[in-house]
**Q** 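Here it is: the structure, laid out below.
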Amino acid sequence: MSTETPAKKELAAIKGTKDILPGEVEIWQKVEAEAKRLFELYGYRELRAPIIEPTELFERGTGQTTDIVTKEMYTFTDKGGRSNTLRPEYTPSVARAIIEHRLDLQPEPMRYYYIGPMFRYDKPQKGRYRQFHQIDIEVFNEKDPAIDAEIIEMAGALLKKLGVEGTETLVNSVGCRVCRPAYSRDLRAHAERVREQLCPDCQRKIAANPLRIFDCKVESCREQARRFPRIMDYLCPECGEHFDKVRSYLDLYKVNYRVEPNLVRGLDYYTKTTFEVVSRGLGAQNSLLGGGRYDDMMRDFGGPDICGIGFAMGMERLISILDIQPEKKKVLYFAYMEEEGKKKAVELARFFRQNGVECLVEFGYKSLKNQFGRANKLGAAWVCVVGEDEIRKRLYKLKDMTAGTQTEGRPEDLLKIIRGK
RNA sequence: GUGGGUGUAGCUCAAUUGGUUAGAGCAUCGGACUGUGGAUCCGAAGGUUGGGGGUUCAAGUCCCCUCACUCACCCCA
């Protein structure tokens with residue numbers, strides 16, 4: 001609105017978003033590569049859905065009553081008057097894609113993974129951003145409890161592969177449409193009876209989300225919560241048996257986990273199994289990944305009656321606790337003299353690149369000393385000198401910047417030296 | 001949305017009770033050094049002290065507003 005606003009401010013990345021710059025981006029690439037490799041080992045395939053979806057997809061999928069839908073969505077009206085939303089989570093998009101393309105009629109297993117940005121209009125803090133990235137896993141049409149255990153094991157395998165330590169795996173069952181209503185009713189009634197002993201926050205939660213009272217930090221609330229009914233006592237035979245089997249498969253997979261009866265995920269659609277991996281060192285937002293089963297979503301969308309299960313891992317959170325050094329790149333830097341040298345350097349770089357060597361030719365010619373200085377500063381592994389003598393003899397100098405040694409030879413000879421390194 | 005903390009050069013930080021022209025290290029660029037890097041020395045550039053208003057002879061410093069970052073609540077990955 002004001003033209004006097006300083007450019008610095010105008011040009012800043014918007015709140016809750018950030019640039020991932022060279023130097024850090026290599027870590028992201030590494031994590032992405034490891035995740036993809038691992039997921040493919042379990043038979044998962046990448047499914048890339050759009051970043052924007054009809055708003056209704058999340059209203060119906062994520063749930064009308066969730067915080068995500070009621071106050072955190074980036075929603076806008078397009079030129080055709082349609083309401084679109086930058087996806088706040090990925091699961092509804094996959095469900096939509098399956099229905100739209102009838103993937104349930106294909107012979108391939110419906111096991112999908114995806115890595116990409118999600119958007120939630122939250123107030124940013126440690127481990128929470130408005131644009132953040134998730135590694136997402138979805139499996140459809142596998143109702144056997146073995147798959148519940150398998151994806152938990154797979155999540156653990158990825159964390160282990162990346163060297164993540166100090167995590168704890170929490171598992172719970174939230175029941176289904178048969179058994180949960182009775183539990184919710186009893187829990188609410190129970191909380192209502194002791195309303196006066198609860199903090200104002202929890203009094204509000206009685207109506208909104210009574211399960212949340214379990215993790216209040218106020219002592220009086222904790223005291224009361226200990227006497228609240230437990231979901232485990234309400235599970236219907238089907239859910240109870242399912243949960244028992246999940247646990248026995250987790251044991252089979254040798255997964256270390258803890259049953260956390262108060263674990264409730266913030267999305268409406270979960271049924272039966274829910275789980276979460278938390279990590280020390282993440283501050284208040286200690287959930288590294290969370291997921292669960294959602295057996296009713298597809299039917300609710302008017303699609304085939306097939307179940308689903310999945311999890312989402314927060315990449316920013318994951319990377320913030322990783323301690324990995326990106327591999328140092330081996331670069332061949334060209335130092336040349338005069339126009340003739342520059343052209344020859346370009347030509348040589350083409351040869352080396354075709355043979356898989358990363359080359360850097362910078363075009364602001366200065367002194368050789370200056371170019372060596374640049375190469376040193378950039379951490380180049382080698383410098384190839386292209387000057388008058390070299391061009392005349394067709395023998396080029398190659399200096400090993402670490403050892404400080406220099407040899408001379410034809411491009412093919414130099415390539416052998418570089419490869420032998 | 002609510003609350004706390006912090007905003008000085010690209011980065012990390014100085015600047016006495018409010019008192020001269022806001023400094024230093026690192027990084028950048030140039031030079032010493034015209035076919036060979038790292039070291040050293042010299043020099044340059046870099047700031048509306050986040051922005052706006054107020055108090056004052058005088059504000060980086062005090063007050064108010066605002067913005068950003070950050071931590072926490074709520075909630076979530």
Side-chain angles (χ1 to χ4, degrees), chain A residues 2 4-18 21 62 65-72 88-91 115-137 155 199-202 204-205 208-209 212 215-218 264-267 276-279 282-291 310-320 333 335-338 341 364-391 397-406:
Chain A
S2 170
E4 293 171 57
T5 312
K8 199 173 176 181
K9 198 171 167 185
E10 295 267 355
L11 292 176
I14 65 176
K15 192 186 189 79
T17 71
K18 62 175 186 177
L21 304 175
T62 308
T65 65
T66 60
D67 278 16
I68 289 177
V69 170
T70 56
K71 54 185 191 187
E72 295 174 5
E89 61 148 345
Y90 197 62
T91 305
I115 303 174
M118 307 291 156
F119 304 84
R120 291 183 201 171
Y121 193 86
D122 252 352
K123 187 150 178 179
Q125 69 185 70
K126 184 180 176 67
R128 195 173 67 196
Y129 306 94
R130 287 184 175 180
Q131 177 180 337
F132 61 103
H133 299 76
Q134 289 186 333
I135 297 175
D136 195 277
I137 285 294
C199 71
D201 246 10
C202 286
R204 184 182 54 77
K205 288 177 190 169
N209 197 347
R212 282 281 163 205
D215 38 45
C216 182
K217 292 166 185 73
V218 177
V264 10
R265 308 221 40 80
L267 304 171
E276 187 168 317
V277 174
V278 297
S279 166
L282 276 178
Q285 315 302 322
N286 70 343
S287 174
L288 193 55
L289 68 91
F311 70 76
M313 185 181 297
M315 278 196 84
E316 281 81 1
R317 292 180 187 181
L318 173 64
I319 284 169
S320 76
Y333 189 94
Y336 56 86
M337 278 172 298
E338 310 301 337
Y365 168 77
K366 287 172 185 165
S367 65
L368 256 203
K369 175 182 269 299
N370 184 283
Q371 293 181 81
F372 267 87
R374 285 283 301 158
N376 184 59
K377 201 164 293 174
L378 300 176
W382 307 275
V383 171
C384 180
V385 180
V386 188
E388 229 177 298
D389 298 349
E390 286 81 1
I391 295 173
K397 303 230 167 57
L398 181 74
K399 182 161 187 177
D400 181 318
M401 294 297 280
T402 316
T405 55
Q406 186 166 287

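Every chain is numbered from 1, with letters handed out A, B, ... down the list of sequences. When reading the values below, keep in mind they use all heavy atoms of this one structure, side chains included, and skip hydrogens, waters and symmetry mates.
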**Q** Mapping A/Ala13 and A/Lys377 onto RNA chain B by nearest heavy atom, which one lands closer to the 5' end?
**A**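 Its nucleotide being nearer the 5' end, the pick is A/Lys377.
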
**Q** Could you tell me if the side chain of A/Thr65 sits less than 4.5 Å from the side chain of A/Thr70, heavy atoms only?
**A**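 In short, these two side chains do not touch, never coming nearer than 4.5 Å.
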
**Q** If you only use heavy atoms from C-beta on, which nucleotide in B/G30, B/G35, B/C74 is closest to the side chain of A/Asn370?
**A**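 Minimum distance to the A/Asn370 side chain belongs to B/G30.
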
**Q** With a 4.0 Å cut-off on heavy atoms, is A/Asp389 in touch with a base, just the backbone sugar-phosphate, or nothing at all?
**A**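 Base: the residue A/Asp389, judged by heavy atoms under 4.0 Å, touches a nucleobase.
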
**Q** Are any of the side-chain heavy atoms of A/Lys399 and A/Val385 separated by less than 4.5 Å?
**A** no

**Q** Looking at A/Lys123 and B/U2, is any side-chain donor or acceptor paired with a base atom of the opposite kind under 3.5 Å?
**A**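 Between B/U2 and A/Lys123, which were checked side chain against base, a qualifying N/O pair under 3.5 Å is present.
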
**Q** Nearest whole Å is fine: how far is B/U28 P from A/Arg374 CZ?
**A** 9 Å

**Q** First locate atom CD of A/Glu316, then atom OH of A/Tyr129, and finally report the distance between them rounded to the nearest 0.5 Å.
**A**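 Between atom CD of A/Glu316 and atom OH of A/Tyr129 there are 6.5 Å.
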
**Q** When you measure from the side-chain N and O atoms of A/Lys71 to the phosphate of B/C75, is any distance below 4.0 Å, counting only OP1 and OP2?
**A** no

**Q** Taking N and O atoms by type only, does the side chain of A/Arg120 place a donor or acceptor under 3.5 Å from a partner on the base of B/C75?
**A** no

**Q** Would you call A/Pro117 and A/His133 a side-chain contact if the rule is heavy atoms closer than 4.5 Å?
**A**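 Touching, per the 4.5 Å side-chain cut-off.
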
**Q** Inspect the surroundings of CD in A/Gln406 and state if more than 12 heavy atoms from other residues, nucleotides or ligands are less than 6.0 Å away.
**A**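 Yes - once you tally the heavy atoms of other residues, nucleotides and ligands closer than 6.0 Å, there are more than 12.
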
**Q** With C1' as the reference atom in both, quote the distance from B/U8 to B/G25 in angstrom, rounded to an integer.
**A**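 Going atom to atom, C1' in each nucleotide, I get 15 Å.
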
**Q** Does A/Ala284 or A/Met315 map to a spot on RNA chain B nearer the 5' end, using the closest nucleotide for each?
**A**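 The answer here is A/Ala284.
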
**Q** Find the partner of B/U2: check Watson-Crick (N1-N3 plus N6-O4 or O6-N4) and G-U wobble (N1-O2, O6-N3) distances, both under 3.5 Å, and reply none if neither fits.
**A** B/A72

**Q** Counting distance alone, no hydrogens or angles: does the base of B/C33 have a donor or acceptor under 3.5 Å from a partner atom on the side chain of A/Lys369?
**A** yes

**Q** Using atom CZ of A/Arg128 as one end and atom C1' of B/C75 as the other, report the distance to the nearest whole Å.
**A**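 After rounding, the gap between these two atoms is 6 Å.
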
**Q** What is the separation between atom NZ on A/Lys15 and atom P on B/U66, rounded to the nearest whole Å?
**A** 13 Å

**Q** Kindly indicate, with the supporting measurements, whether the criterion side-chain contact (heavy atoms from CB on, under 4.5 Å) is fulfilled by A/Glu338 and A/Glu388.
**A** CA-CA 8 Å; A/Glu338 310 301 337; A/Glu388 229 177 298; 5.7 Å; no

**Q** Just by distance, do the side chain of A/Arg317 and the backbone of A/Ser287 share a donor-acceptor pair under 3.5 Å?
**A** yes

**Q** Which part of the nucleic acid, if any, lies within contact of A/Gln371, taking any heavy atom under 4.0 Å across all strands shown: a base, the sugar-phosphate backbone alone, or nothing?
**A** nothing

**Q** When we call it a touch if two heavy atoms are under 4.0 Å apart, what does A/Val383 touch: a base, just sugar-phosphate, or nothing?
**A** nothing

**Q** Describe the nucleic acid contact of A/Glu390 in one word from base, sugar-phosphate, nothing, applying a heavy-atom distance below 4.0 Å.
**A**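 It contacts base atoms.
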
**Q** With heavy atoms under 4.0 Å as the rule, sort A/Ala375 into base, sugar-phosphate or nothing.
**A** nothing

**Q** To the nearest Å, how far apart are A/Tyr129 OH and B/C69 C1'?
**A** 12 Å

**Q** Need one value for A/Gly283: base, sugar-phosphate or nothing, where a base atom within 4.0 Å counts as base even if backbone is also close, heavy atoms only.
**A**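 The answer is sugar-phosphate, as A/Gly283 gets under 4.0 Å only of primed atoms, P, OP1 or OP2.
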
**Q** Is there a Watson-Crick or G-U wobble partner for B/G47 with both distances under 3.5 Å, and which nucleotide is it?
**A** none

**Q** Side chain of A/Glu72, heavy atoms from C-beta onward: which of B/G35, B/C69, B/C75 has the nearest atom to it?
**A** B/C75

**Q** Say you pick atom C1' in B/G54 and the same atom in B/C73; how far apart are they, in whole Å?
**A** 34 Å

**Q** What is the distance, to the nearest angstrom, from the CG atom on A/Leu282 to the C1' atom on B/A72?
**A** 15 Å

**Q** Give A/Phe311 one of three labels, base, sugar-phosphate or nothing, depending on what nucleic acid heavy atoms sit under 4.0 Å from its own.
**A** nothing

**Q** Taking pairing as Watson-Crick or G-U wobble with both contacts under 3.5 Å, can you name the mate of B/A24, or confirm there isn't one?
**A**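 Pairing partner, where one exists within any strand: B/U12.
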
**Q** Counting any heavy atom closer than 4.0 Å, what does A/Leu318 reach on the DNA or RNA strands: base, sugar-phosphate only, or nothing?
**A**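 Counting heavy atoms under 4.0 Å across all strands, no contact is made by A/Leu318.
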
**Q** Between B/G19 and B/A58, how far apart are the two P atoms, rounded to whole Å?
**A** 14 Å

**Q** In whole Å, what separates the P atom of B/C41 from that of B/U36?
**A** 23 Å

**Q** The side chain of A/Lys126 is closest to which nucleotide in this list: B/C69, B/C71, B/U36?
**A**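 Per side-chain heavy atoms of A/Lys126, the pick is B/C71.
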
**Q** Can you measure A/Arg204 atom CZ to B/G1 atom C1' for me and round it to whole angstrom units?
**A**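 Value for this atom pair: 11 Å.
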
**Q** With both distances kept under 3.5 Å, what pairs with B/U36, Watson-Crick or G-U wobble?
**A** none

**Q** Between A/Lys15 and A/Arg130, is there a side-chain heavy-atom distance shorter than 4.5 Å?
**A** yes

**Q** What about A/Gln406: does its side chain form a donor-acceptor pair under 3.5 Å with the base of B/U36?
**A**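 Between B/U36 and A/Gln406, which were checked side chain against base, a qualifying N/O pair under 3.5 Å is present.
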
**Q** Return the value, rounded to whole Å, for the distance between atom OH of A/Tyr121 and atom P of B/U2.
**A** 11 Å

**Q** Base, sugar-phosphate, or nothing for A/Lys18, non-hydrogen atoms under 4.0 angstrom?
**A** nothing

**Q** Could you tell me how far B/A59 sits from B/G3 if I compare only their C1' atoms? Round to whole Å.
**A**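 Those two atoms are separated by 29 Å.
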
**Q** To the nearest angstrom, how far is A/Lys366 atom NZ from B/A32 atom C1'?
**A**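 Rounded to the whole Å, the gap is 17 Å.
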
**Q** Looking only at side-chain N and O atoms, does A/Gln125 come under 4.0 Å of OP1 or OP2 in B/U70?
**A**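 No, A/Gln125 has no side-chain N/O under 4.0 Å of OP1/OP2 on B/U70.
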
**Q** Quantified in whole Å, what is the C1' atom distance between nucleotide B/C74 and nucleotide B/G52?
**A**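 About 32 Å, rounded to a whole number of Å.
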
**Q** Which whole number of Å gives the distance between the C1' atom of B/A44 and that of B/A9?
**A**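 Going atom to atom, C1' in each nucleotide, I get 14 Å.
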
**Q** Do any N or O atoms from the side chain of A/Gln371 and from the backbone of A/Tyr336 form a donor-acceptor pair under 3.5 angstrom?
**A**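 Confirmed, A/Gln371 side chain pairs with A/Tyr336 backbone.
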
**Q** Taking the C1' atom in each of B/G50 and B/C69, what is the distance between them to the nearest angstrom?
**A** 10 Å

**Q** Taking only the side-chain heavy atoms of A/Asp67 (C-beta and beyond), determine which of B/C74, B/G37, B/A68 contains the nearest atom.
**A**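 For the A/Asp67 side chain, the nearest candidate turns out to be B/C74.
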
